[in-house]
2 protein chains.
Amino acid sequence: MPGDKLTEDLIGDRFGVSRTIVRTALARLNVEGLVDLQPNKGAAIAQPSLSEAHDVFEARMCLERQVLTRLADKVTDSDIERLERHIALENKATPNDGPASIRLAGEFHILLADLAGNSVLSRYVDEVVSRCSLILALYGRPHSSDCSLNEHQQIVDALRARDGTRAVASMGHHLEAVTERALLSSTTDKHRDIRTILDYYAK
Amino acid sequence: MPGDKLTEDLIGDRFGVSRTIVRTALARLNVEGLVDLQPNKGAAIAQPSLSEAHDVFEARMCLERQVLTRLADKVTDSDIERLERHIALENKATPNDGPASIRLAGEFHILLADLAGNSVLSRYVDEVVSRCSLILALYGRPHSSDCSLNEHQQIVDALRARDGTRAVASMGHHLEAVTERALLSSTTDKHRDIRTILDYYAK
DNA sequence: GTCCCCATCATTGTATACGAAATGTAGGAA
DNA sequence: TTCCTACATTTCGTATACAATGATGGGGAC
């Protein structure tokens, strides 16, 4: 799907709105890094290079560690409760393993950022999480979920203990694992799109 | 200036373009946090609350520390040279103390981020630096420069020594100082805009 | 004198229209 | 056959037009 052209007229017809609306949406998705936009050539679903993908994961690591540093200081019991309920949802969704599972895994991270109560961090985390989903679609194994439930649980456990150091470390390990699942597998997987291969060897 | 209404027609006439162009520009500035955008009521130069301002500075600290962590590992001699030349420019601009000085101070941070070579970090740093300039205009003392030259020099010195720990620490101290100059002074300064005062007591 | 309602105006939100750039295609020459 | 050029078609970039929403001010009632 990444690389697909996004023609303004088609999308407009699809949603029953004019090109004006589509255009503003595409512009927004462009600054968020989800669509590539070339002048006079139109929009396409973003195809981040491996190098860009690493950049996104590095930024994500930096931002989410900060989120947990904050959270460990200010998290409330009802916050913990809410996180636990979310993990329960994730557990429930795992069996059928559809796109709902991937969405929920991302929302866990976004929920953490929201609870941290910093609007800037929150927006940036939202952005990098979305981009990571895209990267997973490009480079990850098909059908691989990007987050292990166990790892989410460890983060919440550390938060419940108000152990900031452990919480940050848990998130660190989790994101290392996510990065590995999303990126490192791509060098061996034969099923990947030809564009990905070319991109990889082009460094 | 923050809080001023931005009428699409006026701006369009001012620059000789149609509302279409102005609108896309305003939308972009809105996602970057520089203009507030209320549905059916138009755009205005952003007026971040003190709490939002602290959020921005916290995110900035987190991002720029990461920039220096990266840079300490990969900085080249020609990078150092370029940073030194930039500081020389800043020194030259200080006497007349105009807006050029403020712009150069911001560009030093953006240059650091660019040299770090992570496109995501680079974009985010660009954004928070812009927002900090806005915050300085809102809450800072009039005519106060937001960056001390000496502090910039210390950062480059640490980079030249390839001392990552010291570089991150220097940036940390620098941004602490910047935050203080931009925010803490606002509680005592009688010359501040009435809106700022109200905003502050409204927490 | 003050408050409220309605009319008018200003400004935004969305659609459409038109010119420009780029891409694809057919035809002819080497 | 292959390459190049000219034309046609598609799609984008910008301006303009119209509808909808919110702001402003004046007149009347209490």
Chemist: Kindly indicate whether the side chain of A:Leu138, heavy atoms from C-beta on, has any atom under 4.5 Å from the side chain of A:Pro48.
Modeler: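 Side chain of A:Leu138 against side chain of A:Pro48, heavy atoms only: contact under 4.5 Å found.
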
Chemist: Does the side chain of B:His152 pick up a donor-acceptor pair with the side chain of B:Glu90 at under 3.5 Å?
Modeler: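 Side chains of B:His152 and B:Glu90: pair found under 3.5 Å.
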
Chemist: Assess whether a salt bridge exists between B:Glu64 and B:Arg70, defined as any Lys/Arg side-chain N lying under 4.0 Å from an Asp/Glu carboxylate O.
Modeler: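 The answer is no: the pair does not qualify as a salt bridge.
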
Chemist: Heavy atoms of chain B, cut-off under 4.0 Å: which first and last nucleotide of DNA chain D, 5' to 3', fall inside that, if you could look?
Modeler: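 Extent of the interface on DNA chain D: D:dT14 to D:dA23.
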
Chemist: Can the ring centroids of B:His109 and B:His174 be said to lie less than 6.0 angstrom from one another?
Modeler: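 Centroid separation for B:His109 and B:His174: below 6.0 Å.
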
Chemist: For A:Val35, which of A:Leu6, A:Ile45, A:Asp4 qualifies under side chain to side chain contact (heavy atoms under 4.5 Å, CB included)?
Modeler: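 Exactly one candidate clears the test, A:Leu6.
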
Chemist: Can you run down the salt bridge (charged side-chain N to carboxylate O under 4.0 Å, His left out) pairs that involve residues 17-36 of chain B, sequence neighbours left out, and say none if there aren't any?
Modeler: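 For residues 17-36 of chain B, and leaving out neighbouring residues, the salt bridge (charged side-chain N to carboxylate O under 4.0 Å, His left out) pairs sorted by first residue read B:Glu8-B:Arg19, B:Glu8-B:Arg23, B:Arg28-B:Glu32.
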
Chemist: Between A:Asp157 and A:Arg160, does at least one N-O distance fall below 4.0 Å, as a salt bridge requires?
Modeler: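 Judged by the 4.0 Å cut-off on N to carboxylate O distance, A:Asp157 and A:Arg160 do form a salt bridge.
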
Chemist: Produce a footprint string for nucleotides 5-20 of chain C: one letter per nucleotide, 5' end first; B if the base is under 4.0 Å from any protein heavy atom, S if only the sugar-phosphate is, - if neither.
Modeler: -------BBBBBB---

